[in-house]
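For this chain, numbers begin at 1 and follow the sequence in order.
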Amino acid sequence: MNGLMIKNDIYWHPRWSSEIGQRFPIKDSTKGLFIFDATVSREEILARLHGIPSDSFTLIELEEVPEKDCEFMGDSGVCYRRTLQ
């Protein structure tokens, strides 16, 4: 699944977060990270983020993992880490 990581909170507009939530099925989130449903492709995300400067975010590929391997803990309590690419 894909995650959108906000690079800099100072330059990130709150309305962008709102638009992302309206445009995509969000599986989970945590501060500065949206975790998209596995059905949402990287290409679909990038196509819909036009108008948001690309240096404001980065897309990462994530997988669910046990807590001992946790890199990011979602608000749901589920653990994720970046996949090896």
Side-chain angles (χ1 to χ4, degrees):
M1 71 197 78
N2 292 293
L4 183 138
M5 184 181 298
I6 298 168
K7 288 184 177 179
N8 189 329
D9 287 339
I10 294 172
Y11 298 110
W12 187 260
H13 295 282
R15 89 169 186 279
W16 294 341
S17 294
S18 176
E19 290 172 7
I20 289 167
Q22 292 173 5
R23 293 179 180 179
F24 300 105
I26 305 294
K27 176 181 173 121
D28 207 347
S29 64
T30 190
K31 182 167 174 37
L33 179 64
F34 293 96
I35 301 165
F36 299 102
D37 187 84
T39 62
V40 181
S41 73
R42 179 179 182 85
E43 293 75 23
E44 183 180 1
I45 295 166
L46 289 171
R48 294 262 181 111
L49 294 178
H50 67 284
I52 299 176
S54 61
D55 60 351
S56 298
F57 65 89
T58 189
L59 283 178
I60 57 176
E61 192 171 326
L62 299 167
E63 62 185 350
E64 286 186 32
V65 294
E67 193 170 333
K68 68 180 181 70
D69 296 324
C70 198
E71 184 177 359
F72 305 101
M73 181 172 286
D75 293 340
S76 68
V78 174
C79 284
Y80 304 90
R81 73 170 173 205
R82 294 176 217 213
T83 60
L84 301 175
Q85 297 180 32

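- In terms of the side-chain hydrogen bond (donor to acceptor under 3.5 Å, both in side chains) criterion, R42 has no residue partners (sequence neighbours excluded).
- The main-chain N or O of M73 is found under 3.5 Å from a side-chain atom of T30 such that the two form a donor-acceptor pair.
- When the side-chain hydrogen bond (donor to acceptor under 3.5 Å, both in side chains) test is applied to D28, the partners found at least two apart in sequence or on another chain are S76, Y80.
- The OG1 atom of T58 lies 11.0 Å from the CG atom of D55; values are rounded to the nearest 0.5 Å.
- Applying the side-chain hydrogen bond (donor to acceptor under 3.5 Å, both in side chains) test to D69 and every residue at least two apart in sequence or in another chain returns nothing.
- Across C79 and C70, no two heavy atoms sit closer than the pair SG-SG, 2.6 Å.
- Of the inter-residue distances, the one linking I20 atom CD1 with I26 atom CD1 reads 7.0 Å to the nearest 0.5 angstrom.
- In terms of heavy-atom proximity, R82 sits nearest to F72 at NH2-CZ, 3.7 Å.
- Once rounded to the nearest 0.5 Å, the distance linking CZ of F34 with CG of L59 reads 12.0 Å.
- Expressed to the nearest 0.5 Å, how far CE of M1 lies from CD1 of I60 amounts to 11.0 Å.
- Between atom CG of residue L62 and atom CZ of residue R81 there is a gap of 11.0 Å, rounded to the nearest 0.5 Å.
- Separation of atoms NZ (K27) and CD (E64) is listed at 4.0 Å; rounding is to 0.5 Å.
- Qualifying side chain to side chain contact (heavy atoms under 4.5 Å, CB included) partners for Q22, counting only residues two or more places apart in sequence or in other chains: S18.
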Would you mind writing out the side-chain donor-acceptor pairs for residues 43-51 within the sub-3.5 Å range, not counting sequence neighbours?
| unit_1 | atom_1 | unit_2 | atom_2 | d |
| --- | --- | --- | --- | --- |
| R48 | NH1 | R23 | O | 3.4 |
| H50 | ND1 | A47 | O | 3.2 |

Which pairs of donor and acceptor atoms, one on a side chain in residues 5-16, lie under 3.5 Å apart (sequence neighbours left out)?
| unit_1 | atom_1 | unit_2 | atom_2 | d |
| --- | --- | --- | --- | --- |
| N8 | OD1 | I10 | N | 2.9 |
| D9 | OD2 | K31 | NZ | 3.0 |
| W12 | NE1 | S17 | OG | 2.8 |

